[in-house]
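Side chains are part of it too, since the values below use all heavy atoms of this structure and drop only hydrogens, waters and symmetry mates.
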Amino acid sequence: MLNFEELKSFLNEKADQYNSPDFIEDDPIQIPHRFTLKQDVEIAGFLAATISWGNRKSIIRSADKMLDIMGNSPYDFILNYSEKDLEILQDKSIHRTFNGQDFAYFIRQFNKVYKKHESLEHLFTVKDQETNFQHAIERFRNCFLEPEKHRSHKHISSPYKNSSSKRIIMFLRWMVRKDKRGVDFGIWEDIDQKYLSIPLDVHTGNISRKLGLVSRIQNDWKTVEELDVAIRKFDETDPAKYDFALFGLGVTKELL
């Protein structure tokens, strides 16, 4: 086991190693990187993050499919689609359990949001006294999802139900985190990156346990918060940079 300073130095080194433009090539973050308009980046990023489970190449292919359907102009399509456009989607396969019905539902909800707000950022504001995005995610869910139960609700997980909310936490890292490496976008100016958490999945969870950062076995919201406490001791202003270290170590199996 490494002591505190050794572990901090090791994780900083690995974060520095993996937080580079090379990371983009094989990661779903490449999808929003194809755009420059803020709303295009948000929509493409949110959709890519939503389907980010399973093989990364498969995720990217499925995201390509959604972009093709939207004419590679997500924001324009969201604002100007016709009902016929959405009817065509109903029987389409998109990515695993995220199907054409889900895609159509998301498009409708995006349309409602962007008619009221310039950016999705407005729906994720962290309030005073809050220490992470737990409550902001729940407020977003309440705004984005219709009150009536729908099959698409399962694709935006709830930290109130103790989900790690890995995909939406990853999307938030993309939008909020600011540095000069060119991987994360940092286009949301009004939300401080100190509130970000690590997107907790099999890779980051296993490495966190191996390094003694968390003790809980489950990859759930309670573990997200346990990991928050640990990594913020290393850097309280930019905790999410350690996602690069933990994920990179997990994918490369360097510690196995």
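Shown here are the salt bridge (charged side-chain N to carboxylate O under 4.0 Å, His left out) partners of Asp190, two or more places apart in sequence or in another chain: there are none. Residues that satisfy the ring-ring contact (aromatic ring centres under 6.0 Å, His included) test with Tyr114, not counting sequence neighbours, are Tyr75. In terms of the side-chain contact (heavy atoms from CB on, under 4.5 Å) criterion, residue partners of Arg232 (sequence neighbours excluded) are, by chain and number, Thr131, Asn132, Ser197, Asp228, Pro239. With sequence neighbours left out, the side-chain hydrogen bond (donor to acceptor under 3.5 Å, both in side chains) criterion links Asn219 to Arg209. The ring-ring contact (aromatic ring centres under 6.0 Å, His included) test applied to Phe244 returns Phe23, not counting sequence neighbours. Looking at residues two or more places apart in sequence or on another chain, you find a side-chain contact (heavy atoms from CB on, under 4.5 Å) between Lys127 and Glu130, Arg139. When the ring-ring contact (aromatic ring centres under 6.0 Å, His included) test is applied to Phe98, the partners found at least two apart in sequence or on another chain are Phe106, His155. In this structure, Phe133 has no ring-ring contact (aromatic ring centres under 6.0 Å, His included) partners at least two apart in sequence or on a different chain.
Residue pairs meeting the salt bridge (charged side-chain N to carboxylate O under 4.0 Å, His left out) criterion with at least one member in residues 59-73, sequence neighbours excluded, are Arg34-Asp64. The salt bridge (charged side-chain N to carboxylate O under 4.0 Å, His left out) contacts involving residues 144-157 comprise Asp102-Arg151, Lys112-Glu146, where partners must be two or more places apart or lie in separate chains. For residues 37-58, every residue pair satisfying the salt bridge (charged side-chain N to carboxylate O under 4.0 Å, His left out) rule, not counting sequence neighbours, is listed here: Asp27-Arg56, Lys38-Glu121.
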N/O donor-acceptor pairs under 3.5 Å from side chains in residues 1-10, not counting sequence neighbours:
from : atom 1 : to   : atom 2 : distance (Å)
Asn3 : OD1    : Glu5 : N      : 3.2
Asn3 : OD1    : Glu6 : N      : 2.8
Glu6 : OE1    : Asn3 : N      : 3.0

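The CD1 atom of Ile198 lies 9.0 Å from the CG atom of Leu213; values are rounded to the nearest 0.5 Å.
Proximity of the aromatic rings of Trp188 and Phe124 is defined here by a centroid distance below 6.0 angstrom, and this criterion is met.
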